Amino acid sequence: MNIESILQKRLQDAVEQLFGFTPAEGVLQLQQTRKEFEGDLTLVVFPLVKLARRSPADTATLIGEHLRAHAPEVEAFNVVSGFLNITLHDRVWLALLQEAFRDDRYGLKAAAGDEGVVMIEYSSPNTNKPLHLGHIRNNLLGYSLAEIMKGNGRTVVKTNIVNDRGIHICKSMYAWQQWGEGKTPENTGIKGDHLVGDFYVLFDKQYKKEIAELEAGGMAREEAENQAPSMQAARELLRKWEARDPETIALWQRMNGWVYAGFDATYRELGVNFDKIYYESETYLQGKEEVLRGLGEGLFYQREDGSVWADLTAEGLDHKVLLRSDGTSVYMTQDIGTAKMRFDEYPINQMVYVVGNEQNYHFQVLSHLLDKLGYRWGRDLYHFSYGMVELPSGKMKSREGTVVDADDLIAGMVEVARKMGQELGKLEDVTDEEAGKTYKMIALGALKYFILKVDPRKNMTFNPEESIDFNGNTGPFIQYTHARIMSVLRKARENQISLSTTFPPGMTLEAKEKELLKTISEYPGVVTEAAASYSPALLANYCYEIAREFNQFYHDHSILNEPDPDKTNFRLVLSECVVKIMKSGMGMLGIGMPDRM
RNA sequence: GCCCUGGUAGCUCAAUUGGAUAGAGCAACGGCCUUCUAAGCCGUAGGUUAUGGGUUCGAGCCCCGUCCAGGGUACCA
């Protein structure tokens with residue numbers, strides 16, 4: 001039973017007895033008392049005053065007096081303009097600490113039973129170029145969301161749909177055939193995804209040149225884009241691929257293999273992973289089948305040129321193409337096929353797509369299409385729509401070379417972390433290997449926190465000129481706080497201090513201690529809310545808050561040099577709880593906590 | 001054109017979903033290490049929440065208008 005719900009009950013009793021009515025859901029609004037006022041929790045009394053037929057101040061005072069007389073947890077109260085500030089006995093907070101300390105999974109929810117799985121699709125790269133900053137946000141959000149769901153007792157399947165087929169990879173293939181000179185990751189030492197990406201860029205250059213030449217020859221833009229020889233060649237490759245031409249398939253497999261090896265390395269660096277990977281090349285035919293079934297059942301219609309369409313005007317949307325006139329499938333077709341395969345293979349209770357907000361319309365359509373096709377889960381799919389990462393100059397554009405490459409970014413961060421760590425000289429007594437691991441943990445902590453602390457729905461700005469901070473509201477700040485606590489706990493162990501959750505009866509709390517306890521009490525609610533609102537940012541900001549709170553406490557009060565052994569014990573238990581929460585909370589963000597730094 | 005987002009300190013972000021005097025960090029300035037890690041702590045300064053109206057006990061948040069930015073908009077993904 002948490003503190004807030006106990007107080008809720010007390011308040012309800014008070015209102016019933018004082019005013020003779022049962023407050024409706026949401027009328028008793030409790031919130032944390034703001035720091036500038038005396039108290040722990042605050043009741044907003046405005047919603048009550050009409051029914052109580054009293055002034056806000058009277059209502060608050062009456063409730064406050066009733067609480068003091070009947071609620072043993074309540075020590076004092078004060079009323080400030082319609083706000084009833086309630087102070088709880090220190091023993092309430094100490095009881096909370098005991099509970100938090102004893103529960104290994106404090107704040108996390110027990111497994112929910114046979115609710116089915118939550119499948120979370122994220123990452124979903126194209127195989128024609130390496131991952132960039134935008135993908136990083138996607139990967140971090142997807143992974144973190146999965147961990148948050150797990151923390152809330154859900155069974156999660158993390159999945160990735162690799163867009164391994166289509167015109168984009170054919171462009172890279174064609175360019176490699178033309179100008180590759182047999183280059184491979186092995187004989188060039190270039191990471192596979194980057195090598196393939198280089199050829200994609202080469203293709204684009206050539207293509208642009210051809211368009212310009214054709215336009216100069218008097219051809220219309222659109223016509224030129226279609227007629228350009230390199231585009232024709234790429235289309236020819238796609239056609240051959242669909243016809244299973246052995247040579248084309250072999251090249252496709254070879255180049256995709258390079259890309260996968262590259263992606264795997266990046267995923268490993270980022271610390272993300274998947275339980276099940278789907279490949280578009282294996283799902284798109286299923287999609288086609290489903291669309292044709294829908295056509296047969298009269299759900300869709302065919303135009304004279306042979307293309308297949310869905311009419312979604314009744315749903316307030318538009319007409320949407322599902323199969324091109326040449327019979328090839330579009331993105332939507334593939335998503336239908338993938339969805340069907342997934343639901344055939346897993347007992348999915350909820351399907352979550354982590355995909356940027358530029359595809360809001362796509363998922364609205366997909367939801368309706370699946371619904372039409374008879375999958376009741378279609379309606380309930382959740383598009384976790386996140387904002388894009390922008391540079392100070394605006395959107396990242398691969399064609400203009402302004403994308404921030406994922407591998408470069410990570411490597412750069414690690415370098416900064418190493419340099420800074422060496423300047424501070426904190427890890428001189430550990431092995432180089434140990435230090436290296438820590439620097440990496442810090443670098444990734446900085447990067448991940450930087451991205452995850454922002455509300456996922458909003459666009460965010462990343463400035464590559466200024467490297468990500470390691471001070472202030474950052475991942476390393478939280479990691480550092482953790483390392484300091486671990487250091488104290490180590491020393492306590494060395495001094496043979498054993499911890500006890502039995503606190504002396506009359507023990508009183510310092511202000512900073514109580515603030516920390518209040519923050520600890522909020523953790524379970526934050527975990528719940530992070531899942532309910534799909535927001536790792538909530539957890540990130542909470543972890544920062546508790547770290548800040550701890551640092552203030554740590555600054556003001558000594559733990560091991562405190563003369564009163566009961567206080568030392570209490571503070572160690574408190575510290576242990578903070579460590580536990582940091583590991584758990586930051587763990588759900590995919591951020592590791594070092595024992596020293 | 002139409003549809004959907006968003007606009008908060010110089011910069012990057014918060015704001016318990018309608019609650020108190022809008023908070024943090026960075027950058028600037030000033031203080032705190034013979035004491036558990038100074039990647040820390042404390043302080044100063046910085047705001048007409050794009051803008052004009054409206055709703056009510058109460059609005060950064062809800063409604064309407066305007067401006068600005070981003071995204072989408074029938075055979076790209």
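Because only heavy atoms are used, hydrogens play no part in the values below, and waters and symmetry mates are left out as well, while side chains stay in. Chain identifiers are assigned alphabetically (A, B, ...) following the order of the sequence lines, protein sequences preceding nucleic acid strands; residue numbering begins at 1 within each chain. A quick note: this is a predicted structure, and the numbers were derived from the prediction, not measured.
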If you check the A:Phe83 side chain, which of B:rC41, B:rC36, B:rG19 turns out closest? B:rG19
Angle class for the A:Tyr449/A:Tyr544 ring planes (parallel below 30°, perpendicular above 60°, tilted otherwise)? tilted
Over 12 foreign heavy atoms within 6.0 Å of NZ, A:Lys518: yes
A:Asp318, nearest nucleotide to its side chain (from B:rU73, B:rG19, B:rC36): B:rU73
Counting only side-chain heavy atoms from C-beta out, which of B:rC42, B:rU16, B:rG40 sits nearest to A:Tyr480? B:rG40
Would A:Tyr361 count as stacked on B:rC3 if the rule is ring centres under 5.5 Å and plane angle under 30°? no
Quickly work out the A:Phe550 CZ to B:rU37 C1' distance and round it to whole Å. 12 Å
Compare side-chain N and O positions of A:Arg34 against OP1 and OP2 of B:rA22 and report whether any pair is under 4.0 Å apart. no
When you compare the protein's N or O atoms with those of nucleotides 75-77 of chain B, which come within less than 3.5 Å of each other, and at what distance?
residue : atom : partner  : partner atom : Å
B:rC75  : O2'  : A:Arg324 : NE           : 2.8
B:rC75  : O2   : A:Ser325 : N            : 3.1
B:rC75  : N4   : A:Asp305 : OD2          : 2.1
B:rC76  : O3'  : A:Arg324 : NH2          : 3.4
B:rA77  : OP1  : A:Arg324 : NH2          : 2.7
B:rA77  : OP2  : A:Tyr331 : N            : 3.4

Of the options B:rC41, B:rU17, B:rG71, whose atoms approach the side-chain atoms of A:Ser533 most closely? B:rU17
Would you indicate whether A:Arg457, at its atom CZ, is surrounded by more than 12 heavy atoms from other residues, nucleotides or ligands within a distance under 6.0 Å? no
Spacing of A:Tyr386 atom OH relative to B:rC13 atom C1', expressed in whole Å: 20 Å
Polar atom pairs between nucleotides 25-31 of chain B and protein, under 3.5 Å, N or O only, would you list them?
residue : atom : partner  : partner atom : Å
B:rG25  : O2'  : A:Asn473 : N            : 3.2

Want to settle it: does A:Lys512 or A:Phe450 sit nearer the 5' end of RNA chain B, counting the closest nucleotide to each? A:Phe450
Does A:Glu242 come within less than 4.0 Å of A:Arg239, counting only side-chain N to carboxylate O? no
Looking only at B:rC36, B:rA14, B:rG40, the nucleotide nearest the A:Phe477 side chain is B:rG40
With a 4.0 Å cut-off on N to O distance, would you call A:Glu494 and A:Lys491 a salt bridge? no
Please work out whether the ring planes of A:Trp309 and A:Tyr301 are parallel, tilted or perpendicular, with thresholds of 30° and 60°. parallel
Take atom CD of A:Gln364 and atom P of B:rG72, then tell me their distance rounded to the nearest Å. 14 Å
Do the rings of A:Trp241 and A:Tyr284 sit parallel, tilted or perpendicular, given the 30° and 60° boundaries? tilted
Could you tell me whether the phosphate oxygens of B:rU12, OP1 or OP2, come under 4.0 Å of any side-chain nitrogen or oxygen in A:Lys453? no
Given B:rU17, B:rG6, B:rG40, which nucleotide is nearest the side-chain atoms of A:Lys458? B:rG6
From the options B:rG19, B:rU37, B:rG71, select the nucleotide whose nearest atom is closest to the side chain of A:Lys395. B:rG71
For A:Phe46 and B:rG19, say yes or no: do the ring centres fall under 5.5 Å of each other while the ring planes differ by less than 30°? yes
Kindly express the pairing pattern of RNA chain B in dot-bracket notation, using | wherever a base pairs with another strand and counting only Watson-Crick or G-U pairs under 3.5 Å. (((((((..((((.....[...)))).(((((.......))))).....(((((..]....))))))))))))....
Answer with yes or no whether the side chains of A:Gln359 and A:Tyr331 bring together a donor and an acceptor at under 3.5 Å. yes
Which whole-number value in Å describes the distance from A:Gln32 CD to B:rA15 C1'? 14 Å
Whichever of A:Val80 and A:His319 has the more 5' nearest nucleotide on RNA chain B, that residue is A:Val80
Rounded distance (Å) that lies between atom P of B:rA24 and atom OH of A:Tyr542: 18 Å
Looking for any heavy atom pair under 4.0 Å, which part of the strands does A:Gln552 touch: base, sugar-phosphate only, or nothing? sugar-phosphate
Taking 4.0 Å as the cut-off, does a side-chain nitrogen or oxygen of A:Lys491 come that near to OP1 or OP2 on B:rU37? yes
Considering only B:rG40, B:rA22, B:rC13, which nucleotide approaches the side chain of A:Asn551 most closely? B:rG40
